[in-house]
Amino acid sequence: MRKVTQMRRRGRKRLFTVILYLCLLLAVIFIVFVKTFELKELEIEGNTRYTAQELEELLMTKPTDRVSVLFWLRMKWWGADPIPFVEKVETDWKNRSVVRITVHEKRITGCVMHRGSYLYFDRDGIVVESSRIKLEDIPVITGLNFSRIVLHEQLKVQKEEMFTVILNLARLIEKQELIVEEIRFRPDDAVELRTQGCEVILGKRQYYDEVLAVLGSVLESAEGRRLRIDMTLYENGNNRITAQPLEEETQQSP
């Protein structure tokens, strides 16, 4: 009986020893694996609205993301968590210490303010993003009433004929690479812009291509002054443009 008990104890010791060595072996393998595939660099391209550091913080959210192959597999299988203004993220495993990230940002042409948030829309008027952040290079539309604003659906304006005007203005501003903070519609549907510290009166037109094509050079000639620029009568290169300092208008106001 005593021999049986001793044999059992020896068996337990051997089993414990085997398990201990196995755990040590697995720990060594894990450490070697982590060190071998340690992620040392994220190559990020296609980003304009986020810095590389900001994207790294947004993408690498798990402890295992510091291992290149595990991070790459997670991104391939489950993808990145939703990131504002980003359509999708593509991931390529370049080598054991470098992963390449390609960012595809949402195409945005304008936004409207609704219940404390900015709703951003694309070239087709589809609302693609909702955020409390105002992007400096995207104009906000004011002065119009919207009957329906739903994420991932097309904007609905009470004056349906103004929908085309909004999209046309937003596309032209993007094409001419103008930095416009606000597109303001008057009650008579005339258009004003707020840009680079100036207010620009465009008036009500069928087409805004010509007047916006020259606006960039007009703003350059303003040389940083705050002006109220009236381009209502401008057409066919007639140079009928007037301007007055905004400060004077403020002083004359009652």
Side-chain angles (χ1 to χ4, degrees), residues 15-140 149-155 170-171 173-174 177 179 181:
L15 180 60
F16 177 78
T17 303
V18 170
I19 293 174
L20 179 61
Y21 279 117
L22 184 59
C23 289
L24 289 173
L25 178 61
L26 291 175
V28 171
I29 292 173
F30 176 76
I31 292 171
V32 171
F33 176 78
V34 170
K35 289 295 183 182
T36 301
F37 294 97
E38 182 182 1
L39 182 56
K40 297 180 180 179
E41 182 182 359
L42 273 184
E43 289 186 356
I44 300 177
E45 58 186 25
N47 55 308
T48 60
R49 304 202 179 280
Y50 294 93
T51 65
Q53 182 177 353
E54 288 172 335
L55 283 170
E56 183 174 334
E57 293 174 355
L58 290 168
L59 293 171
M60 301 184 68
T61 58
K62 312 293 183 185
T64 54
D65 289 342
R66 290 298 168 184
V67 181
S68 63
V69 66
L70 297 181
F71 174 67
W72 175 73
L73 288 173
R74 183 176 77 83
M75 297 296 289
K76 282 290 184 182
W77 291 343
W78 291 286
D81 294 332
I83 301 174
F85 311 112
V86 173
E87 185 70 35
K88 65 177 181 177
V89 174
E90 293 181 349
T91 311
D92 294 312
W93 191 55
K94 190 172 181 180
N95 58 52
R96 66 186 186 184
S97 60
V98 180
V99 173
R100 180 187 292 116
I101 299 291
T102 303
V103 179
H104 298 273
E105 296 180 338
K106 294 177 180 178
R107 295 298 304 270
I108 297 172
T109 56
C111 69
V112 296
M113 189 73 173
H114 183 66
R115 295 181 180 177
S117 295
Y118 294 97
L119 297 178
Y120 292 87
F121 58 87
D122 62 13
R123 289 186 174 189
D124 298 316
I126 305 296
V127 180
V128 297
E129 190 65 65
S130 174
S131 175
R132 294 188 180 276
I133 299 172
K134 173 62 176 70
L135 300 178
E136 293 182 359
D137 60 330
I138 300 299
V140 60
I149 307 177
V150 180
L151 195 62
H152 307 308
E153 293 186 14
Q154 197 173 61
L155 287 169
R171 289 167 184 162
I173 288 169
E174 182 182 21
E177 298 182 347
I179 304 299
E181 293 87 25

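Since the structure is predicted, the reported quantities are computational estimates derived from the model, not experimental observations.
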Side chains of Met113 and Tyr118, heavy atoms from C-beta outward: is any pair under 4.5 Å?
yes
If I compare all heavy atoms of Trp93 with all of Val69, which pair ends up nearest, and what's the gap?
NE1-N, 4.0 Å
I need the Leu70 CG to Phe37 CZ distance, nearest 0.5 Å.
9.0 Å
Indicate yes or no: at least one non-hydrogen side-chain atom of Val99 is less than 4.5 angstrom from one of Met75.
no
Value rounded to 0.5 Å, distance of CG in Leu73 from CG in Asp65:
11.0 Å
Which side-chain N or O atoms in residues 80-89 pair as donor and acceptor under 3.5 Å with protein atoms at least two apart or in another chain?
none

Do Lys94 and Glu41 come within less than 4.5 Å of each other through their side chains, counting heavy atoms only?
no
Would you say the side chain of Leu42 lies within less than 4.5 Å of the side chain of Phe71, judging by non-hydrogen atoms?
yes
What distance do Ile149 atom CD1 and Gln154 atom CD have between them, rounded to the nearest 0.5 Å?
12.5 Å
Step by step, work out the side-chain contact (heavy atoms from CB on, under 4.5 Å) result for Leu39 and Met60.
CA-CA 11 Å; Leu39 182 56; Met60 301 184 68; 3.5 Å; yes
Tell me whether Arg107 is salt-bridged to Glu129, with the criterion being a basic N under 4.0 Å from an acidic carboxylate O.
no
Please give me the minimum heavy-atom distance between Ser68 and Ser97, naming the atom from each residue.
OG-N, 4.3 Å
Does NZ in Lys40 sit with more than 12 non-hydrogen atoms of other residues, nucleotides or ligands closer than 6.0 Å?
no
Answer whether the closest heavy-atom distance between the side chains of Arg74 and Thr61 falls below 4.5 Å.
yes
Could you state the interatomic distance from CD1 (Ile101) to CG (Leu59), rounded to the nearest 0.5 Å?
5.5 Å
Approximate separation, where rounding is to 0.5 Å, of Cys111 SG and Ile133 CD1
12.0 Å
Thr102: which residues meet the side-chain hydrogen bond (donor to acceptor under 3.5 Å, both in side chains) condition with it, sequence neighbours left out?
Glu45
Any side-chain heavy atom of Val128 within less than 4.5 Å of one from Ile108?
yes
Can you measure from CZ (Arg66) to OG1 (Thr64) and round to the nearest 0.5 angstrom?
11.0 Å
How far apart are the closest heavy atoms of Ser117 and Arg132, and which atoms are they?
OG-CG, 3.9 Å
